[in-house]
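Inspection log for the structure reproduced underneath, given as structure tokens.
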Amino acid sequence: MTSNITHICPVERSGRLDSKFRRLLQNPQKILAPYIRDGMDVLEVGCGPGFFTFDIAHMVGKSGRVVAVDLQEGMLAKVREKIRRSGAGQNIVLHRCDEDRIGVSGNFDFVFLFYMVHEVVDKEAFFRELESLLKKDGQVYMAEPPLHVSKKAFEETIRIASDAGFVVVDRPKRFPDKIVVLKKA
Ligand SMILES: C[S@@+](CC[C@H](N)C(=O)[O-])C[C@H]1O[C@@H](n2cnc3c(N)ncnc32)[C@H](O)[C@@H]1O
């Protein structure tokens, strides 16, 4: 039951994740432009209230798809409501996952993990599952926040991802976040 989980970002704080001010600091289009193309199949795990989700949906276009996954139904409800109100995002598929399993099927071009991996309890199982969901030449973008995640913890997460079958492609610089791009080994 998610109600007993204390290490995840609560739905009550989702407003901070989805503000106009944040768009000035972390512009989704600018962050995603090097990675996302028309027609792609994108998996976004830990989508929260959908701050990135609609930009991804716009960038992949009608022939592409975003599978937006979160542990908390309250976060998915926020995305669902935005889809309803805006009439956009018809290529967004919402999925509520379990804490220990993403539980989607597919062969994705791109996996987007923004400020969420530090909340995942079993990172070994998480990256093994992602490896099975990614296309041979697909990429995973992982960004972690500066305060919650130390350099040591970030490097340990990359080691876990390597053990699960990933190699580092790039380490984009965007202060103050910790970012890595991975692909299959
Ligand atoms: C800090 S929020 C970031 C949300 C979004 N990525 C953003 O940047 O606005 C982290 C999100 O990850 C979700 N989450 C945590 N652990 C998860 C897991 N194991 N699987 C899927 N989602 C998870 C939480 O419910 C929360 O919505």
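Computed from a predicted structure; not experimentally measured. Note that ligands are numbered from 1 as they come in the structure, with each ligand's atoms numbered from 1 the same way.
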Identified ring pair (Phe, Tyr, Trp, His ring centres under 6.0 Å) counterpart of Tyr141 within the set Tyr115, Phe112, Phe108: Phe112
Amino acids contacting ligand 1, non-hydrogen cut-off under 4.0 Å: Ile8, Cys9, Leu17, Arg22, Val45, Gly46, Cys47, Gly48, Phe51, Phe52, Asp70, Leu71, Gln72, Met75, Cys97, Glu99, Phe114, Tyr115, Met116, Glu119, Val120
Lys135 atom NZ, over 12 foreign heavy atoms within 6.0 Å: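 Yes, because the 6.0 Å sphere around NZ of Lys135 holds more than 12 heavy atoms from other groups.
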Partner residues of Arg171 under the side chain to side chain contact (heavy atoms under 4.5 Å, CB included) criterion, sequence neighbours left out: Phe154, Glu155, Ile158, Val168, Val180
Ala88: partners by side chain to side chain contact (heavy atoms under 4.5 Å, CB included), with sequence neighbours left out: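 Counting only residues at least two positions away or on another chain, Ala88 forms a side chain to side chain contact (heavy atoms under 4.5 Å, CB included) with Ser86.
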Review item, side-chain donor-acceptor pairs of residues 46-58, under 3.5 Å, at least two apart:
unit_1: Thr53; atom_1: OG1; unit_2: Glu44; atom_2: OE1; d: 2.7
unit_1: Asp55; atom_1: OD1; unit_2: Arg23; atom_2: NH2; d: 3.2
unit_1: Asp55; atom_1: OD1; unit_2: Gln29; atom_2: NE2; d: 2.9
unit_1: Asp55; atom_1: OD2; unit_2: Arg23; atom_2: NH1; d: 3.2
unit_1: Asp55; atom_1: OD2; unit_2: Arg23; atom_2: NH2; d: 3.2

Gap between atom CG of Leu71 and atom CZ of Arg101 - 0.5 Å precision: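 If I round to the nearest 0.5 Å, the distance is 14.0 Å.
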